[in-house]
Amino acid sequence: IVTYNILVNAFCKTRKMDRAFGLLNRMRKEGQRPTFQTYTTIIDGFIRAGDIKMALEMVHQMKKAGCKPSTATYNVMMYGLVQDGQMNRAVAIIDEMVLAGITPNERSYTILMEGYACIGELGNAYKFFKKMKEDGLKADIVSYGALLKACCKAGRMQSALAVLHEMNSAGVERNLFIYNILLDGWAQRGDMWEAAEVLHQMCKEGHHPDIYTYTSFINACCKAGDMKRAMETVADMKRTGVEPNIKTYTTLVHGWASASYPEKALACYHEMKEAGLKPD
RNA sequence: GCCCACGAUAGCCGAG
């Protein structure tokens, strides 16, 4: 059964839902009982394919087969609804879980927080952050990341700093994701100075900037109109072995174009093609 | 605690 599950998972991850589904039927025919993991994997596959209806249908089949949906099953459903922008339905799943006697875990709440973070609803994100703690769950680094992103998206950078502070008190170490979210928060506001400060601090603490860090920072420079600094950053990243990708170049092309230097924009565009990247 | 399932970061454009 574990072997089957691994196979089913492989098919789902490569978007071959028909084959995954076929395998499920084969398991049934051979008299093997698919486990709750099997079902959850398939439901996850449908969710990632954007097919909420089929995902719900599978939940139904799962229950009919006498398999109890687990926390992960509910999490997957919430994730799908969140991706689809159906926050209210996603939130309703929490109540459904509780009614079914299933306990939400930190991921359950983090999924909802992420959803609210994406639309800049800090208040709601925070609401579930609190709820998580009320349930006696410990916020992990991903949960803090979601809260941080909510602050950044809402433009509440002071609150973002407060979140970092709380992480410290909770003894949760910052990682590259955390720094990148924060740096991007400043970048979105065109504050390359604060962004530079974050970049400086992360390096000081031994974190190596990655493609996300650099691209966000370049974006900050472009927004602030400092194309010189943007180009210097490109040089920096190459020097540290981080190759600019399509997004990095698009940021630059856009930056030069907004600064009314179409010829510079074109030069970046050519450089991108020479680097073997296809414009998208 | 670990094993087969679930959550996090960047650009432009389009759609609304």
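Numbers restart at 1 for each chain; the letters A, B, ... are given by sequence-line order, proteins then strands.
In this structure, A:Ile47 places its CD1 atom 13 Å from C1' of B:A5, rounding to the nearest Å. Rounded to whole angstrom, the span from the CG atom of A:Leu112 across to the C1' atom of B:C6 amounts to 13 Å. Distance A:Leu148 CG to B:A8 P: 15 Å, rounded to the nearest Å. The nearest whole Å value for the distance from the CG atom in A:Asn245 to the C1' atom in B:G11 is 9 Å. Between the OH atom of A:Tyr269 and the C1' atom of B:C12 there is a distance of 13 Å, given to the nearest Å. For the pair A:Tyr249 OH and B:C12 P, the interatomic distance rounds to 18 Å; values are reported in whole Å. Distance NZ (A:Lys278) to C1' (B:G11): 19 Å, rounded to an integer number of Å. Remark: C1' of B:A10 and CD1 of A:Ile246 are 13 Å apart, rounded to the nearest angstrom.
Residue-to-nucleotide contacts include no donor-acceptor pair under 3.5 Å from the side chain of A:Thr251 to the base of B:G11. No hydrogens or angles were tested; on distance alone, nothing pairs the side chain of A:Asp140 with the base of B:A8 as donor and acceptor under 3.5 Å.
Surrounding NZ of A:Lys223 are more than 12 heavy atoms belonging to other residues, nucleotides or ligands, all under 6.0 Å away. Annotation for A:Glu30: atom CD counts as buried by contact number, over 12 foreign heavy atoms lying within 6.0 Å.
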Working note: A:Thr73 + A:Lys68, criterion side-chain contact (heavy atoms from CB on, under 4.5 Å); need CA distance, chi angles, decisive distance, verdict. CA-CA 9 Å; A:Thr73 317; A:Lys68 213 175 155 203; over 6 Å; no
Audit row: A:Val253, A:Lys264, side-chain contact (heavy atoms from CB on, under 4.5 Å) steps and yes/no: CA-CA 8 Å; A:Val253 169; A:Lys264 291 282 197 182; over 6 Å; no
Go through the steps for A:Met62 and A:Ile43 under the test side-chain contact (heavy atoms from CB on, under 4.5 Å), then give the verdict. CA-CA 10 Å; A:Met62 179 179 185; A:Ile43 292 164; 4.0 Å; yes
Can A:Thr215 and A:Thr248 be said to form a side-chain hydrogen bond (donor to acceptor under 3.5 Å, both in side chains), step by step? CA-CA 5 Å; A:Thr215 305; A:Thr248 318; 3.1 Å; yes
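Near-neighbour residues of RNA chain B inside residues 201-217 of chain A, defined by a heavy atom below 4.0 Å, number-ordered: A:Ile211, A:Tyr212, A:Thr215, A:Ser216. Contacts between residues 65-73 of chain A and RNA chain B, defined by a heavy-atom separation below 4.0 Å, involve A:Ser70, A:Ala72, listed by number. Contacts between residues 18-46 of chain A and RNA chain B, counted as heavy-atom distances below 4.0 Å, involve A:Phe36, A:Gln37, A:Thr40, A:Thr41, A:Asp44.
Scanning for side chain to side chain contact (heavy atoms under 4.5 Å, CB included) contacts around A:Ala267 gives an empty result, with sequence neighbours left out. Residues satisfying the side chain to side chain contact (heavy atoms under 4.5 Å, CB included) criterion with A:Lys228, sequence neighbours excluded, are A:Asp226, A:Glu232.
Nearest to the side-chain atoms of A:Gln188 among the listed nucleotides B:G7, B:A5, B:G11 stands B:G11. The side chain of A:Asp184 has B:A10 as its nearest neighbour among B:G7, B:A5, B:A10. Distances from the side chain of A:Thr250 to the nucleotides B:A8, B:G11, B:C6 place B:G11 closest. With distances taken from any side-chain atom of A:Thr110 to the nucleotides B:C6, B:C4, B:G7, the minimum falls on B:G7. Out of B:A5, B:U9, B:G7, the shortest distance to the side chain of A:Lys13 is found at B:A5.
The aromatic ring centroids of A:Phe129 and A:Tyr144 lie less than 6.0 Å from each other.
Across all strands shown, A:Gln83 has no heavy atoms under 4.0 Å from either base or sugar-phosphate atoms. Base contact: A:Val2 has a heavy atom under 4.0 Å from a base atom.
Applying the salt bridge (charged side-chain N to carboxylate O under 4.0 Å, His left out) rule to pairs touching residues 239-259 of chain A yields A:Asp236-A:Arg239, sequence neighbours excluded.
Separation of the C1' atoms belonging to B:C6 and B:A10 is 24 Å when rounded to the nearest angstrom. Nucleotides B:G11 and B:G7, compared at atom C1', are 24 Å apart to the nearest Å.
Considering only side-chain N and O atoms, A:Arg48 lies under 4.0 angstrom from the phosphate OP1 or OP2 of B:G7. A:Tyr79 has a side-chain polar atom (N or O) that falls below the 4.0 Å cut-off from OP1 or OP2 of B:A8. A close approach under 4.0 Å does occur between a side-chain nitrogen or oxygen of A:Lys149 and OP1 or OP2 of B:U9.
Between the CG atom in A:Asn180 and the CG atom in A:Asp210 there is a gap of 5.0 Å [rounded to 0.5 Å]. Taking CE of A:Met58 as the start and CE of A:Met17 as the end, the distance is 8.0 Å to the nearest 0.5 Å.
A donor-acceptor pair shorter than 3.5 Å cannot be found between the side chains of A:Gln61 and A:Tyr39.
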